[in-house]
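Presented below is the structure to which this report refers.
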Amino acid sequence: MSLLLKTLKDELMILKDSHLFRYLNRVDSEQSSRISIGGREYISLCSNNYLGLATHTGLKESSMEAIKNYGNSAVASRLVSGNMELHERLEEVTAEFKGTEAALVFNTGYMANAGTLQALADERDVLFSDALNHASIIDGCRLSGAKIFVYRHRNVDHLRSLLSMAAGSGYRRKIVITDGVFSMDGDIAPLPDIAGVAEEHDAFLIVDDAHATGVLGKNGKGSLEFFGLTRRDIIQMGTYSKALGSFGAYIAGPAEVRDYLINKARAFIYTTALPPSVIAASIAAIRILQEDHEMLSRLWQNTMLFREGLMGLGFNTLNSETPIIPILIGDDKGVLQFSKRLFEEGIYAVPIRPPTVPEGGCRIRTTVTASHTPSDIEFCIGIFEKVGRELKVI
Ligand SMILES: Cc1ncc(COP(=O)(O)O)c(C=O)c1O
């Protein structure tokens with residue numbers, strides 16, 4: 001065996017021995033609240049399909065229509081010949097939905113964060129990032145080459161003291177970046193305070209609304225709507241792939257930011273544009289969300305029902321305030337066992353382990369959707385109680 005393969009094999013062995021090996025499960029059905037794995041049906045508690053739109057007929061029909069009219073592929077990057085009427089329409093629809101001057105579509109949320117941070121910041125700049133921000137933000141910060149300060153999770157005083165410390169150091173740009181909804185904890189960033197501190201220090205604010213788009217706010221517009229924030233200068237990133245049931249991501253904000261990213265964001269420039277079918281589904285999803293308010297209220301009813309049920313049983317759901325409801329287990333072996341028992345009982349909810357969460361913070365990360373029925377939720381609470389007692393978690 002070559003030296004390379006031997007070193008890979010050794011490292012994989014270490015991951016297996018420490019219960020941190022990751023493997024792929026295969027879903028054989030469409031992605032709804034019930035999925036089929038290995039010929040058996042499970043209730044899925046781990047998708048980001050918050051509104052159930054991934055299987056919505058309106059999205060499917062829009063995609064098929066776009067394929068008929070425009071074909072399968074955008075065939076080139078946006079700056080070459082891949083910029084189609086659909087891409088620009090999605091950007092207009094997104095800006096209108098978010099109430100911003102402009103929007104720019106990226107192929108994924110990972111690329112939107114990495115590309116935006118790489119474009120806006122370099123060695124002359126300084127970034128302030130929440131300790132629990134998504135990996136794509138961490139990677140984007142590193143990619144930029146800027147000085148990085150990590151502030152304690154949701155701790156505005158710590159952020160303020162770091163901004164004060166950096167004041168007068170001659171940085172060109174200061175950028176504060178935070179998840180709107182934190183993907184592993186389900187809590188919400190204190191945006192009005194963060195925006196206030198950022199403004200005091202003349203810093204840009206970027207909010208990652210991947211899990212807030214279609215979820216937070218009266219109309220599902222995201223974190224800013226939730227808090228009633230209307231500042232023009234805040235840059236909002238969001239995804240079409242979670243609550244909106246499609247694929248891709250956006251940056252919404254001032255028109256200058258859009259123009260700047262088109263010119264500077266390598267993750268935007270050097271990649272083939274998203275295909276017409278995907279873009280058409282995203283447009284349809286926003287339109288459906290604007291017309292159908294039922295989905296959002298069902299999502300929140302289910303969220304309350306599930307979280308209150310789990311908390312009533314004595315599970316630790318951390319500070320979850322959204323449809324992302326973590327159930328803290330602690331150690332890696334325990335969380336694997338918990339997830340395995342849920343699976344045997346008909347629930348698919350994966351274990352989350354380091355490095356995604358801190359050491360000792362292993363959890364089952366559950367997500368509730370609008371397409372779960374109240375009886376699905378009651379069933380899940382019953383199984384969590386059974387498994388929780390059996391494994392002495394409660
Ligand atoms: C907070 C957050 N930001 C960004 C992303 C990346 O989005 P995408 O899956 O579209 O790459 C995700 C999800 O994976 C996320 O949870």
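Start at 1 and go down the list; that is how both ligands and their atoms are numbered.
- The protein atom (non-hydrogen) at minimum distance from atom 12 (C) of ligand 1 is His134 NE2, 3.3 Å.
- Within the structure, the closest approach of Ser241 to ligand 1 falls below 4.0 Å when heavy atoms are considered.
- The atoms of ligand 1 that sit less than 4.0 Å from any heavy atom of Ser183 are 16 (O).
- Looking at Asn302 and Trp300, their side chains never come closer than 4.5 Å, going by heavy atoms from C-beta outward.
- With respect to Arg154, the salt bridge (charged side-chain N to carboxylate O under 4.0 Å, His left out) criterion is satisfied by exactly one of Asp187, Asp130, Asp179: Asp187.
- Residue-level proximity to ligand 1 for Asn133 is absent, since no heavy atom of it falls below 4.0 angstrom.
- For atom 9 (O) of ligand 1, the closest heavy atom belonging to the protein is Lys242 NZ, 3.3 Å.
- A donor atom on one side chain and an acceptor atom on the other are found under 3.5 Å apart for Arg307 and Ser320.
- A heavy-atom distance below 4.5 Å is not found between the side chains of Tyr250 and Phe106.
- Close approach of ligand 1 to Tyr110 (heavy-atom distance below 4.0 Å) involves ligand atoms 6 (C), 7 (O), 8 (P), 11 (O).
- Within ligand 1, counting atoms from 1 as listed, the ones closer than 4.0 Å to a heavy atom of Asp179 are 1 (C).
- Between Phe384 and Phe306, the ring-plane angle classifies as perpendicular under the 30° and 60° cut-offs.
- When only interatomic distances are considered, the shortest N/O to N/O separation between Asp208 and ligand 1 falls below 3.5 Å.
- Contact atoms of ligand 1 toward Asn113: 3 (N), 4 (C) (distance under 4.0 Å to a heavy atom of the residue).
- Across Gly109, Gly238, Ala135, Ala212, heavy-atom proximity to atom 10 (O) of ligand 1 is greatest for Gly109.
- Residue Val181 is tested with Thr213, Asp209, Thr322, Val207 for a side chain to side chain contact (heavy atoms under 4.5 Å, CB included); the sole match is Thr322.
- For the ligand labelled ligand 1, residue Met111 lies outside the 4.0 Å heavy-atom shell.
- Looking at His211 next to ligand 1, an N or O pair under 3.5 Å apart turns up.
- Considering backbone and side-chain N/O of Gly248, none are found under 3.5 Å from N/O of ligand 1.
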| request: Begin with the C-alpha distance, continue with both residues' side-chain angles, and end with the deciding distance and a verdict on side-chain hydrogen bond (donor to acceptor under 3.5 Å, both in side chains) for Tyr110 and His134. | output: CA-CA 9 Å; Tyr110 187 100; His134 188 258; over 6 Å; no

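- Ring pair Phe338/Phe315 is perpendicular by interplanar angle, where above 60° counts as perpendicular and below 30° as parallel.
- At a heavy-atom distance under 4.0 Å, atoms from both the backbone and the side chain of Thr108 approach ligand 1.
- How far CD of Gln236 is from CG of Leu229: 9.0 Å, rounded to the nearest 0.5 Å.
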